Amino acid sequence: MSQYNFTGVDDMLQKNQKTLGKQVVALVWKDGKIVYRKEIGEDFNGKIQVPVGASGQWLTAAVSMIYVDEGKLTLDTKAGKLIPILAQYMKAYINLRHCLTHTTGLEGEKSGIGKLIPKSKFESLEEEINHFATKRAIVTNPQTEFFYSNVGMNIAGRMLEVVSRKTFDRVVQEKLLRPLKMRSTTFFNYDNLYVNPSSGAQSTANDYMNFLVMLLNNGMFEGKRVMSEKAIEEMEKAQFTNLPVKYTPKGTEGLHYGLGAWLMEEDAQGKGTVLSSPSFIGTWPYIDRKNNYAAILLLKPQSGEQGKEMYTQFKAAVDEAVRGK
C-alpha cells in the first residue's frame, strides 16, 4: 500500500488501545493517495458516521469563506445587518471574523463547548440566535478577548442562512459537502431536528479526509476548485494573537487560532504549518504543511475529554513514518 513504514503508528495505536477504546480509524494521506489505513473494532471503519463535535467548526469556517469568495459576505460583514434582532439588543457590531474566531464578546457556555451534540432547546438556528440576542450578556467588546464557545460559529451559520435563504445544512451540502463527495456528513440532527454549526456535525473518517485533502491542496479537490487559495491562507493565519484567553479547551492552551482551526504549529509570520480542529471527545483531524500530508484519528465518541496526548503521540509516530526515519 505504501513505501512508508508505519510500524511505529501500529505500535502506538496498539499500546494506547485502552485509552482509545475499541473502535478506532486512522488514515494518512500523502502523495495523492491514502498511504495508511487502520480500522480497529467490529462494525467500525472509515465509512461509519459518528458525531465529530467541534471538528465541524472547520467546515463551518470553510463554508463561510466560500461565501466570502463569492462576494456574498466579507469578514467585516456585521451580523446585525443580516440579523436585525442583534442590532435591537446592542449587538450589531459583531462581524463575521469575530464569529469565526471566538471573539464576539458575548457570554459563552459556562462549561465550555457542548459535549457531543448538545441537547437542544431550540427548534431552529434562527430561534437560537434570537436567544443569543435577547438573553446572552455582552461581556466585553468584540475582538478584546478569546472565549471558545458555541456562540460565534452559530451566529456565522445563521448569517449564511439569511444570505442564502436556505437552512445551514443545505448551504453546507451545496457549497462544501457535495463538491467534496462527503456524502455521509451532515449537520442535521435527526433526534431534535436542529442544526448546530459549532458542534453538531456528524461525519466519517473517509469523508473528513476529503476535506483535509482539499485544504492541503490549497482549495482544489479532484481537479476542481472548491475554495480560493486566498481563503485558505486567511483561515490558516493566526488571528488576534495578543488577546487575553478567557476560556480554551484542555489541550489547546498557548495555541493561536485561525478561522475554525487551531495552529498546532506556526512559522515566524504567524502562518499555520500544522492545523487542526479537534473534538476532544474523539476526533483529531489535521494537515501538516511541513511534511505535506493530512491525517485523521477518529474514535467512537467517548464521554470524557481526551486532551491532547493521543494526538501528540499519533502525530509523532506518523511524522517519523513519512520522513522515512
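Just so we're clear, the structure is a prediction, and the values are computed from it rather than from any experiment. Along the sequence shown, residues carry numbers from 1.
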Visitor: With a 4.0 Å cut-off on N to O distance, would you call Asp207 and Arg183 a salt bridge?
Guide: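 A salt bridge is absent here (no side-chain N lies under 4.0 Å from a carboxylate O).
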
Visitor: Decide, yes or no, whether a salt bridge links Glu174 with Lys166 under the criterion of side-chain N to carboxylate O below 4.0 Å.
Guide: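 Result for this pair is yes, salt bridge flagged.
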
Visitor: Take Met214 and Met220 through the side-chain contact (heavy atoms from CB on, under 4.5 Å) test and state the conclusion after the steps.
Guide: CA-CA 5 Å; Met214 180 274 290; Met220 298 293 288; over 6 Å; no

Visitor: Should the heavy atoms of other residues, nucleotides or ligands under 6.0 Å from NZ of Lys300 be counted, would the total exceed 12?
Guide: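 Atom NZ in Lys300 is not crowded, with 12 or fewer foreign heavy atoms closer than 6.0 Å.
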
Visitor: Determine whether the side chains of His256 and Glu266 contain a donor N or O and an acceptor N or O closer than 3.5 Å.
Guide: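 His256 vs Glu266: donor-acceptor pair found between side chains.
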
Visitor: For Phe147, is the NZ or CZ atom of Lys246 found under 6.0 angstrom from the centre of its six-membered ring and inside 45 degrees of the ring axis?
Guide: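 Pair Lys246/Phe147 does not count as cation-pi.
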
Visitor: Step through it carefully: locate the ring centre of Tyr89, locate the ring centre of Phe132, and say whether they are under 6.0 Å apart.
Guide: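 So the answer is no for these two rings.
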
Visitor: Taking atom types as modelled, find out whether Ser203 and Thr185 have a side-chain donor-acceptor pair closer than 3.5 angstrom.
Guide: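 Side-chain D/A pair, Ser203 to Thr185: present.
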
Visitor: Just jot down the salt bridge (Lys or Arg N to Asp or Glu O under 4.0 Å) partners of Lys47, sequence neighbours excluded, or say none.
Guide: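 If we apply the salt bridge (Lys or Arg N to Asp or Glu O under 4.0 Å) test to Lys47, skipping adjacent residues, there are no hits.
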
Visitor: Does the ring center of Tyr311 lie less than 6.0 Å from the ring center of Phe314?
Guide: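 Not under 6.0 Å, so no.
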
Visitor: Under 4.0 Å between a side-chain nitrogen and a carboxylate oxygen: does that hold for Arg289 and Glu265?
Guide: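 Salt bridge: no.
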
Visitor: When you look at Trp262 and Trp58, which way does the side-chain contact (heavy atoms from CB on, under 4.5 Å) test go after all the steps?
Guide: CA-CA 9 Å; Trp262 302 93; Trp58 217 350; over 6 Å; no

Visitor: Tyr67 ring centre to Lys175 NZ or CZ under 6.0 Å, with the angle to the axis within 45°?
Guide: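 Yes, Lys175 and Tyr67 form such a contact.
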
Visitor: Output the distance between atom OG (Ser184) and atom CD (Gln202), rounded to the nearest 0.5 Å.
Guide: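 Between Ser184 OG and Gln202 CD, I get 11.0 Å after rounding to 0.5 Å.
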
Visitor: Which label fits Phe146 and His102: parallel for a plane angle under 30°, tilted from 30 to 60°, or perpendicular past 60°?
Guide: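 The rings of Phe146 and His102 stand perpendicular, inter-plane angle above 60°.
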
Visitor: If Ile, Leu, Val, Met, Phe, Trp and Tyr residues are connected whenever their side-chain heavy atoms lie under 4.5 Å apart, and connections chain through other members, are Leu298 and Ile40 in the same group?
Guide: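 In one cluster with Leu298: Ile40, yes.
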
Visitor: Check side chain to side chain contact (heavy atoms under 4.5 Å, CB included) between Gln269 and all other residues, then give those that pass, not counting sequence neighbours.
Guide: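 By the side chain to side chain contact (heavy atoms under 4.5 Å, CB included) rule, Gln269 matches Asp267.
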
Visitor: Could you give me the CA-CA distance, side-chain angles and deciding distance for Leu13 and Lys38, then say whether side-chain contact (heavy atoms from CB on, under 4.5 Å) is met?
Guide: CA-CA 9 Å; Leu13 294 174; Lys38 188 73 162 185; 3.9 Å; yes

Visitor: Is the shortest side-chain N to carboxylate O distance from Glu222 to Lys224 below 4.0 Å?
Guide: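 Looking at Glu222 and Lys224, the cut-off is not met.
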
Visitor: What distance do Thr167 atom OG1 and Leu125 atom CG have between them, rounded to the nearest 0.5 Å?
Guide: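 It is 9.5 Å, given to the nearest 0.5 Å.
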
Visitor: Tell me, with the steps shown, if Ser198 and Asn196 meet side chain to side chain donor-acceptor pair (under 3.5 Å).
Guide: CA-CA 6 Å; Ser198 60; Asn196 183 337; 2.8 Å; yes

Visitor: So do Ile34 and Met209 actually touch side chain to side chain, heavy atoms under 4.5 Å?
Guide: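 Counting from C-beta outward, Met209 and Ile34 do come under 4.5 Å.
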
Visitor: Does this structure show an ion pair linking Glu233 with Lys230, if we count only N-O contacts that are shorter than 4.0 Å?
Guide: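 No, this pair does not count.
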
Visitor: Please identify which of these residues, Leu160, Leu59, Leu259, Asp69, meets the side chain to side chain contact (heavy atoms under 4.5 Å, CB included) condition with Ser64.
Guide: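 It is Leu160, the one option of Leu160, Leu59, Leu259, Asp69 that forms the side chain to side chain contact (heavy atoms under 4.5 Å, CB included) with Ser64.
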
Visitor: Do Tyr36 and Tyr293 have side-chain atoms, one donor and one acceptor, less than 3.5 Å apart?
Guide: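 Checked: Tyr36/Tyr293 side chains show no N/O donor-acceptor pair below 3.5 Å.
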
Visitor: Taking the side chain from Thr77 and the backbone from Leu73, do they hold a donor-acceptor pair closer than 3.5 Å?
Guide: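 Pair absent, no side-chain N/O of Thr77 close to backbone of Leu73.
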
Visitor: Going by atom types only, do Gln239 and Glu234 share a side-chain donor-acceptor pair under 3.5 Å?
Guide: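 There is such a pair between these side chains.
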
